[in-house]
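Okay, so here's the structure we're looking at.
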Amino acid sequence: MLPKAYDPSAVEDSIYKRWEDSGAFRPESCDPKGEPFTISMPPPNATGQLHLGHAVMLALEDIFIRFQRMRGRKTLWVPGTDHASIATEAVVIRQIQKEERIADPRKALGREKLIARIKKFVEESRGTIRNQVRKMGASCDWTRERYTMDPALARTTYEVFVDMYKRGVIYRGHRMVNWDPKLQTTLSDDEVVCEARTEPFYTFQYGPFQISTSRPETKFGDKYVVMHPEDERYRKYKHGDTFTAEWINGPVHATVIKDSVVDPAFGTGVMTITPWHDAVDFGIAERHGLEKEQIIGFDGKLLPAAGEFAGTPIEKARPLIVEKLQKKGLVVTTVEGHEHNVAISSRGGGIVEPQIKEQWFVDVNKRAVNWKGKKMTIKEVMSDVVHSGDVHIIPERFNKVYFHWIDNLRDWCISRQIWWGHRIPAWYKGSEIYVGVEPPEGDGWEQDSDTLDTWYGVSQWTWSTLVDPKLTEDTSLSLQEIIKRSPDLQAFHPTHVMETGYDILFFWVARMILMTTYTLGQVPFKTVYLHGLIRTRDGKKMSKSHPETMIDPLDIIPKYGADALRLSMIVGQSPGADSRLYEEKIAGYRNFVNKLWNASRFVLLQCEAAGLRPAELKMDPSTGSGGKLKIDEYSLADRAMLSRLQSVIQKVTEGLAEYRLSEAGETLYSFVWDDFCDWYLELSKGNANTAVLVHILRKILQLLHPYCPFVTEELWSQVKPEDAGMLISKSWPEVKKEWVDAEAEETFLQLISVIQAVRKIRADQGIEPSKEISAIIHTKKWVELLESQEGHIRRMGKISSLTFDTDAKPHKNAASVFLPEIEVHVPLEGLIDVAAERKKLEKEKAELEKYVNGIEVKLKNADFTARAPENVIAAEREKKETGAEKLRKITERLQMLG
RNA sequence: GGGCAAUUAGCUCAGCUGGUUAGAGCGUCACAUUGACAUUGUGAAGGUCACUGGUUCGAAUCCAGUAUUGCCCACCA
């Protein structure tokens, strides 16, 4: 017999092992005729611990996968890890700095040794991650585990790079980049975050002009003044005019430039430019062919161009420069508290300095993708796949965000000045350049020292993980041949769902669309399901700097079980919205899991009492063969429950298929707790139909399995039919239409109403709960059904005597329980007054009739009419038709009321 | 500066395309409870659905505006 309480930590690990050992996670164990269903697990960074973000990702994907697997799809869920170049290198460097007190590990160790250290660190982390993923119950195919630094994935990364280079999509050029002086590397636009700072805003005299800036330290080399071509105030100055201005380190020869990016309304309408350190200025300089000069070094210190300030870090130089200008009398005004945005590195937290550097870029405007029979630009394809619905984003509102991002997308800087990652496959010899997967022949070639942005390689993840690694060892095969010959790639790509946090929609989801459409001519996935951030009870972000705010899945699982954790993150959450998590919530779902456990325990006890083995029990109420009852011989409660079960199966199946996990989960939660436990099991006491009990329990376990796989699998082993295998591979329950019995459900509700009414009488009359009372119940329509349930009603309502009287007339002072046919002859207040109810319905019906009969379409909004009149009319008509349906419903209810 | 979302019970949130008495969980209170389950059961209290207008027979739901909060985007020096 089962213990009284469920102890997840006692069984979870062994259940997981049984699943894994059985091969159930592999598509090869699924029905060979099943349609494939694939998910690529977003690879966690190989930096160590999994957090709640990973936990929610694993829970969601596991639910998708388990549901489809149980339905007979050939499911594949590919796990893996990401080398996470910048993040991992930073973690290891910090570790070395801390533990070995080496100030600059890069310098001290050199490239080879540092990489070796990182590799070792990553190996350990990956082990930890694998273990953590298992703890969550994730049913992914470990035999297909991948890592972004696998030789096979490195090969595909390089092949795509070389291909893009050859077709001119990847280019090398001097461009404005986001330079992180702290980490000594460039960053992509997405790795830069803006932070509002208030700093003084200075206006300086510059020749005849006044110019404003919050960054005086960049102004040394400024020798162009720019204004809007149509600014009347500066009409007398012509484009190309020159003049001499006294400036920080003496006079400069300046030139007037007219450009329409300048906003005449801002400040004085005139600005000087610093093309090397500002993207706008760079654009102006490019348009007019102006000189560019570097003022700030890559170490964040001023260069010789700053004269006496050379070598000073910029933040120190600023007040000194202002002071000097002040002495020269060139400061016009200083406004304190000017708010502007400062670019901060999301990686290292340092201030990002725009610099010009030679870097590798992906050209997003190159017409180089073959898509739907057309040559399109990367941008166009990225936009098209979402517009056309090839990729469907859940929740939909992220479409807008996505399109906005695409519209503003600029070339993607993919080179990073760090060592950990895929090294750029380019070699230089003097002015020669060679780009290829294999190093060039001959001496004197030196490889580019930079590595690729992590997101470049991992953006091929959905398909590079499916490439057959053996094929990539054969250097004579082209990438397209490898793709064609890889069986998994052919069978399982495109993947079905990409489930990830909305915070990496741009970093990753968009880039996967880019890289995969380019290389394969396929979308990487059909549906994008975005989850939100998990926050603390107060709605704050959980952060490493405040460990007390963190909930660690590995602390929670031993205490509450993986199932409870999963439920607490899924049920009651909607996609794309942030949610809060705290221990009481998890405890609530632990209680639910335990409730399920004990309900099963009760069922088993009933079987034992009847001398039956649950495994042998089969329910086939349609035939009634083998001495069993036919369904219409079942009790009211049995039929009502079986009928209710059918609609639950339908709702849950639809919900899961349409990614409405929370809704389906809630349906199950309330069915199990409110219907099955609180009513059906109570009614079964002393009069149980074990076949039905076992049947419903089995269906519940099946339906719940995607949500809480461990406890359901454990219980399944107790109640499963003899010939059935593990729950993980059991087929999903089907709706049996012939068991739907609306009348039984309705009557059952009446029965419950009677019981509740009696309880209420007791409360209202102040009758002590321990004391039994007498009640007379008159029924007309359902007298037979209710008579069969007399025992239950008496028992649950604590009624000492019940009388059924079919001929009784409705009593004036009787309190009626919803229907006039059931009356309780005890005066009481607060129950539904049938007369009032009828009146209300009649009024509503009359009102509806006016509007529903003979559809009169009235257009509500003139604007809409102008735009799409037909649509509006159609929509309006449809509305009226649903109105008609409502009318029908009301009429029906009125008839029921008599 | 642009965009998106949220605002419903003390707390966390449901409420789909407008229509029975606005729901759930937690918390609170009362009562129950010796055999599935105290990780329980039954019930109660608690909401003018942020505000103001509008559309409608009818609005938490649709529209407009306001306020507060949060997020994303952005080259205003």
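All figures in this text were calculated on a predicted structure; none of them were measured in a lab. Each chain gets a letter, A, B and so on, in the order the sequences are listed, and its residues count up from 1.
A/E608 has its CD atom 12 Å from the C1' atom of B/rG35, to the nearest Å. Protein atom OH of A/Y6 is 17 Å distant from nucleotide atom C1' of B/rA36, rounded to whole Å. Between the CG atom of A/D674 and the C1' atom of B/rU40 there is a distance of 14 Å, rounded to whole Å. Atom pair A/E663:CD and B/rA14:C1' shows a separation of 10 Å (rounding to whole Å applied). Here B/rU40 presents its P atom at 4 Å from CG of A/N591, a figure rounded to the nearest Å. Taking atom CG of residue A/D7 and atom C1' of nucleotide B/rC37, one finds them 16 Å apart after rounding to whole Å. Spacing between atom CG of A/D259 and atom C1' of B/rC76 amounts to 13 Å, rounded to whole angstrom units. If you take CD of A/Q606 and C1' of B/rC37, they are 14 Å apart, rounded to a whole angstrom.
Applying the salt bridge (Lys or Arg N to Asp or Glu O under 4.0 Å) criterion to A/E654, with sequence neighbours excluded, gives no partner residue.
Each of A/K219, A/K223, A/Q205 was evaluated against A/W247; a single residue qualifies, A/K219, per the side-chain contact (heavy atoms from CB on, under 4.5 Å) test.
Separating the C1' atom of B/rG1 from that of B/rC75 is a span of 13 Å, rounded to the nearest Å. If you take atom C1' in B/rU52 and the same atom in B/rU20, they sit 29 Å apart, rounded to whole Å. Taking atom P in both B/rC72 and B/rA60, the straight-line distance is 33 Å, to the nearest Å. Nucleotides B/rA30 and B/rU8 have their P atoms positioned 29 Å apart, rounded to a whole Å. For the P atom pair drawn from B/rG70 and B/rA45, the interatomic distance equals 36 Å after rounding to whole Å. When the C1' atom is compared between B/rC4 and B/rC11, the two are found 26 Å apart, to the nearest whole Å. With both ends at atom P, the span from B/rG41 to B/rA59 equals 38 Å, rounded to whole Å. A distance of about 35 Å separates the P atoms of B/rG58 and B/rU69, rounded to the whole Å.
Remark: B/rU66 base-pairs with B/rA50. Criterion, Watson-Crick or G-U wobble with two distances under 3.5 Å. If you check B/rA30 for Watson-Crick or wobble pairing at under 3.5 angstrom, you find it paired to B/rU42. The nucleotide B/rG23 finds its pairing partner in B/rC13, both defining distances of the Watson-Crick or G-U wobble pair being shorter than 3.5 Å. Pair check for B/rC73 finds B/rG1; Watson-Crick or G-U wobble, both atom distances under 3.5 Å.
Within the nucleic acid shown, A/V262 comes within 4.0 Å of at least one base atom, counting heavy atoms only. Contact annotation for A/A599: base contact, defined as any heavy-atom pair under 4.0 Å involving a base atom. Among the heavy atoms of the strands, none lies under 4.0 Å from A/L533.
Phosphate proximity of B/rU40 to A/N598: absent, as no side-chain N or O sits under 4.0 Å from OP1 or OP2. For A/K4 and B/rU39, the shortest distance from a side-chain N or O to OP1 or OP2 is not below 4.0 Å. At B/rC75, one or more side-chain N or O atoms of A/R410 fall inside 4.0 Å of OP1 or OP2 (strictly under the cut-off).
Taking 4.5 Å as the limit, every side-chain heavy atom of A/I700 sits out of range of all side-chain heavy atoms of A/L668. Side chains of A/P354 and A/V177 form no contact here, defined as non-hydrogen atoms less than 4.5 Å apart. Contact of the A/L697 side chain with the A/F602 side chain is not registered, since no non-hydrogen atoms from C-beta on lie closer than 4.5 Å.
Comparing B/rA77, B/rU39, B/rA36 by their nearest atom to the side chain of A/T213 picks out B/rA77. Checking B/rA77, B/rU39, B/rC72 against the side-chain heavy atoms of A/F201 singles out B/rA77 as nearest.
Using modelled atom types, no side-chain atom of A/R590 and backbone atom of A/Y560 make a donor-acceptor pair closer than 3.5 Å. With hydrogens and angles ignored, the 3.5 Å screen pairs a side-chain donor or acceptor of A/T536 with a backbone N or O of A/K540.
Where A/Y669 and A/V192 meet RNA chain B, the nucleotide closest to each residue was compared, and A/Y669 sits on the side nearer the 5' end. Mapping A/F592 and A/S600 onto RNA chain B by nearest heavy atom places A/S600 closer to the 5' end of the strand.
The aromatic rings of A/Y589 and A/Y669 sit perpendicular to each other, their planes meeting at more than 60°, with 30° as the lower class boundary. Using cut-offs of 30° and 60° on the angle between ring planes, the pair A/W673 and A/F592 is parallel.
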Hey, what are the protein-to-nucleotides 1-6 of chain B N/O distances that come in under 3.5 Å?
unit_1: B/rC4; atom_1: OP1; unit_2: A/K400; atom_2: NZ; d: 3.4

Write down the protein N/O and nucleotide N/O pairs, taken from nucleotides 9-13 of chain B, whose separation is under 3.5 Å; answer none if there are no such pairs.
unit_1: B/rU12; atom_1: OP1; unit_2: A/R580; atom_2: NH1; d: 3.0
unit_1: B/rU12; atom_1: O4'; unit_2: A/Y582; atom_2: OH; d: 3.2
unit_1: B/rU12; atom_1: O2'; unit_2: A/K585; atom_2: NZ; d: 3.3
unit_1: B/rC13; atom_1: OP2; unit_2: A/R580; atom_2: NE; d: 3.3

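Of all the heavy atoms in A/F220 and A/I295, the pair that sits closest is CD1-CG2, 3.9 Å.
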For A/D578 and A/Y502, run side chain to side chain contact (heavy atoms under 4.5 Å, CB included): C-alpha distance rounded to whole Å, both residues' side-chain angles, the deciding distance at 0.1 Å, then the answer. CA-CA 10 Å; A/D578 292 353; A/Y502 64 73; 2.8 Å; yes
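No side-chain donor from either of A/Y582 and A/D538 sits under 3.5 Å from a side-chain acceptor of the other.
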